Amino acid sequence: GAVVSQHPSRVICKSGTSVKIECRSLDFQATTMFWYRQFPKQSLMLMATSNEGSKATYEQGVEKDKFLINHASLTLSTLTVTSAHPEDSSFYICSARDRKYYGYTFGSGTRLTVV
Amino acid sequence: AQTVTQSQPEMSVQEAETVTLSCTYDTSENNYYLFWYKQPPSRQMILVIRQEAYKQQNATENRFSVNFQKAAKSFSLKISDSQLGDTAMYFCAFMKLSGGSEKLVFGKGTKLTVNP
């Protein structure tokens with residue numbers, strides 16, 4: 001089945017620094033990937049849709065300059081949290097759709113802690 | 001805009017018994033997909049089952065089945081012979097197939113606990 005690899009699984013960074021999270025589709029090409037944020041005991045909130053070779057589409061209320069998304073190839077999308085602050089601490093999850101079937105495969109998530 | 005409602009924040013069931021999780025949605029679309037995802041304590045999102053709206057037959061995957069009522073916009077998940085490993089958050093999700101915008105809309109989730 002389709003596999004999406006997300007790294008790192010956990011990261012702790014100092015306030016003011018930037019952190020990059022990678023999302024790779026391992027056995028299929030994904031022209032579109034999605035980035036979610038999940039607060040404790042809550043549902044997934046879509047942050048942005050990442051399109052290969054073009055700019056990401058951000059959901060309302062998501063800061064484009066803080067959450068930089070790059071989808072440079074058909075198998076890799078990255079989310080960079082710039083100038084991170086403690087309120088950016090959260091669980092971030094990526095997903096991608098294998099166009100062979102309707103369904104989304106999710107990465108294992110990244111727990112970001114900003115200290 | 002599409003919305004997905006899961007009215008049961010938490011549920012529990014005894015091992016080997018059957019439990020049904022509720023999900024309703026609101027949409028004006030005719031072509032769409034519905035999904036149930038499971039998120040265990042590891043927080044990995046796992047697809048449990050999906051249903052194409054144009055199919056009248058309810059989807060089944062081993063112990064998991066759905067009751068899809070399109071007119072009522074209801075999409076419940078039945079778990080038969082519950083196992084301890086079924087303990088997880090369950091999210092109902094909707095995806096429309098038209099309009100070029102492709103994204104999943106999630107409900108708030110139901111926390112299911114299977115008791116030994």
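Note that the structure is a prediction, hence the values are computed from the model and not measured.
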Requested in this report: With a 4.5 Å heavy-atom cut-off (strictly below), which parts of residues 106-116 of chain B touch chain A? List them by number.
Outcome: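 Phe106(B), Gly107(B), Lys108(B), listed by number.
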Query raised in the report: With a cut-off of 6.0 Å (strictly less than), are more than 12 heavy atoms of other residues, nucleotides or ligands near CD of Glu87(A)?
Result: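 Result for CD/Glu87(A): enclosed.
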Query raised in the report: More than 12 foreign heavy atoms under 6.0 Å from NZ of Lys20(A): is that the case here?
Result: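 No.
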Query raised in the report: Among Gln42(A), Gln38(A), Gln6(A), which residue forms the greatest number of heavy-atom pairs with chain B at distances under 4.5 Å?
Result: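 Option with the greatest count: Gln38(A).
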Query raised in the report: For Phe106(A), what residues pass the ring pair (Phe, Tyr, Trp, His ring centres under 6.0 Å) criterion, not counting sequence neighbours?
Result: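 Applying ring pair (Phe, Tyr, Trp, His ring centres under 6.0 Å) to Phe106(A) gives Tyr36(A), Tyr37(B).
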Query raised in the report: Between the side chains of Asn31(B) and Glu29(B), is a donor N or O closer than 3.5 angstrom to an acceptor N or O?
Result: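 The answer is no; no qualifying pair exists.
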Requested in this report: Check whether the ring centres of Phe91(B) and Phe35(B) lie less than 6.0 Å apart, and answer yes or no.
Outcome: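 No, too far apart.
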**Report entry** Proximal component of Leu46(A), with respect to chain B [non-hydrogen, under 4.5 Å]
**Finding:**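 Contact with chain B is through the side chain of Leu46(A) alone.
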Query - Region of Gln39(B) that comes under 4.5 Å of a non-hydrogen atom in chain A - result: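 Just its side chain gets close to chain A.
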Requested in this report: Evaluate the criterion salt bridge (Lys or Arg N to Asp or Glu O under 4.0 Å) for residue pair Glu59(A) and Lys103(B); output intermediate values, then yes/no.
Outcome: CA-CA 11 Å; Glu59(A) 295 298 301; Lys103(B) 62 182 181 182; 2.9 Å; yes
**Report entry** Value rounded to 0.5 Å, distance of OG1 in Thr110(A) from CZ in Arg10(A)
**Finding:**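 Between atom OG1 of Thr110(A) and atom CZ of Arg10(A) there are 11.0 Å.
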